[in-house]
2 protein chains.
Amino acid sequence: MPRLERREEILKVAGRLFSKKGYHGTTIRDISDACGILSGSLYTHIKTKEDLLYEITDRGAECFLRSIRSIMESDISATEKLRQAVRAHMRVIEANLEAATVFFQEWKSLSEKRFARIQAKRDQYETMWKEILEQGIRQGEFRDTDEKFARLLLLAVGNWVYQWYRPEGDLSAEEIADRFVDLLLEGLKKRT
Amino acid sequence: MPRLERREEILKVAGRLFSKKGYHGTTIRDISDACGILSGSLYTHIKTKEDLLYEITDRGAECFLRSIRSIMESDISATEKLRQAVRAHMRVIEANLEAATVFFQEWKSLSEKRFARIQAKRDQYETMWKEILEQGIRQGEFRDTDEKFARLLLLAVGNWVYQWYRPEGDLSAEEIADRFVDLLLEGLKKRT
DNA sequence: TTCTGTCAAACAAGCGCTTGCTCGTATAAA
DNA sequence: TTTATACGAGCAAGCGCTTGTTTGACAGAA
């Protein structure tokens, strides 16, 4: 199999196995078996096992960042930004469920240096959510509540989705996003 | 060291290491080193490495279940049940942060049979939240929204807490719980 | 009190196997 | 003929766990 094609296959297979059995729970032989080659042959395409984890994780981080950047730059209300950002987040998870799972729960197995590099991208992403919330509070669309807790609530929902979301379900990523945004904005309490 | 005392130490040490490096990322020698004994000596106190994971996970599950049971049986409004249940949940995490971390992210490494046993307890716990929400909707305290999404939101917050909560922070478990409940009930949107 | 038998706790060594990874060779497409 | 891809064999280290032995505290008999 040609170089690039095989490499992509390996990344995909590794993503699937890492997401299912964890990084430490997956062996080089698990990955090579699933690719239909011998374990030694993997090393024609990769340098180390950790490189695989890093590349999967970093691609995931980039996906999330890219998906929300254009929304941040657009000139719309905070409420609309929030809705679009949650939709974008859900779409990334929908399109890369396995990579997202690795991104959310296996990135801690990275070496210190690489861990820090991913951490920085996570911080960037979180900052964008923070800005949406601050804009909303400043402009009077959102209640003057503690921004940090709203952000934690938002991130909790976003970062937990991969645990239960299954593409074969009957709601699209957008529909799920909209329901969460509605619930978050309007609250659970009945108004009289 | 006497039997019971040593055993508890091993469980505690294992919990700490599992939560930090993951189950597969922690070796029997890591655990025995941290206890100040040789790896073979561990087996005076445990049968297998997986037994450790199971005991930690199961104790965690029992903590969560116990903490919420009496609340479920009491005769109070759904809103009050919700607040007390979230508080109880936060208190369990505060008091058992490492065990809770293992419970939330390492239980997947259990053998099929034990995994199923923990899964059943998780389902029980989730059902109690469902009942609180259904009661609130039925009695008109909560909006007639999709119960499932409200539950997912609630679980997301509860299950994500261990990722950021640090006991040295300046808010108590109760204060954190109350802020989340307020945000969840009242919503983010400003009322006019 | 002193001696002796018992037993839990830990040691020291190492077993069989798996791990991530290397390297010289074969093969087939360009 | 060159070059990229995969094979086949295997290395050194580490894995979970077992085994035979030592240690030290405490019991009851002398």
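Just so we're on the same page: letters track the sequence lines, and every chain starts at 1.
Remark: C1' of C:dA10 and CG of B:L42 are 11 Å apart, rounded to the nearest angstrom. Between the NZ atom of B:K21 and the C1' atom of D:dG14 there is a distance of 13 Å, given to the nearest Å. B:I37 places its CD1 atom 17 Å from the C1' atom of D:dG24, with the value rounded to the nearest Å. Note: CZ (B:R7) to P (C:dA10) measures 13 Å, nearest angstrom.
Taking 4.0 Å as the cut-off between side-chain N and carboxylate O, B:R114 and B:E50 count as a salt-bridged pair.
The neighbour count for A:K190 NZ, taken as heavy atoms of other residues, nucleotides or ligands under 6.0 Å away, does not exceed 12.
Taking the six-membered ring for Trp and the full ring otherwise, the centers of A:F64 and A:F104 sit less than 6.0 Å from each other.
Residues from residues 105-115 of chain B that place a heavy atom under 4.0 Å from any atom of DNA chain D: there are none.
Between B:R117 and B:Y54 the shortest side-chain heavy-atom distance falls below 4.5 Å.
Taking CD1 of A:I56 as the reference point, atom OG1 of A:T101 lies at 11.0 Å (rounded to 0.5 Å).
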Check nucleotides 16-22 of chain C against the protein and report each pair of N or O atoms closer than 3.5 Å, with its distance, or say if there are none.
unit_1 : atom_1 : unit_2 : atom_2 : d
C:dG20 : OP1    : A:T26  : O      : 3.4
C:dG20 : OP1    : A:K49  : NZ     : 2.8
C:dG20 : OP2    : A:I28  : N      : 2.8
C:dG20 : N7     : A:R29  : NH1    : 3.0
C:dG20 : O6     : A:R29  : NH2    : 3.0
C:dC21 : OP2    : A:Y43  : OH     : 2.6
C:dC21 : OP2    : A:K49  : N      : 2.8
C:dC21 : O5'    : A:Y43  : OH     : 3.3
C:dC21 : N4     : A:R29  : NH2    : 3.4
C:dC21 : N4     : A:S39  : OG     : 3.2

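Hydrophobic cluster membership differs between A:M72 and A:I76, with clusters built from Ile, Leu, Val, Met, Phe, Trp and Tyr side chains linked at under 4.5 angstrom.
OP1 or OP2 of C:dA8 has not a single side-chain nitrogen or oxygen of B:R6 nearer than 4.0 Å.
Side-chain contact check for B:Q105 and B:Y162: at least one donor-acceptor pair (N or O, by modelled atom type) lies under 3.5 Å.
Residue-level contact check: A:L38 touches the bases, meaning some heavy atom is under 4.0 Å from a base atom.
For A:E80, the salt bridge (charged side-chain N to carboxylate O under 4.0 Å, His left out) criterion is met by no residue, not counting sequence neighbours.
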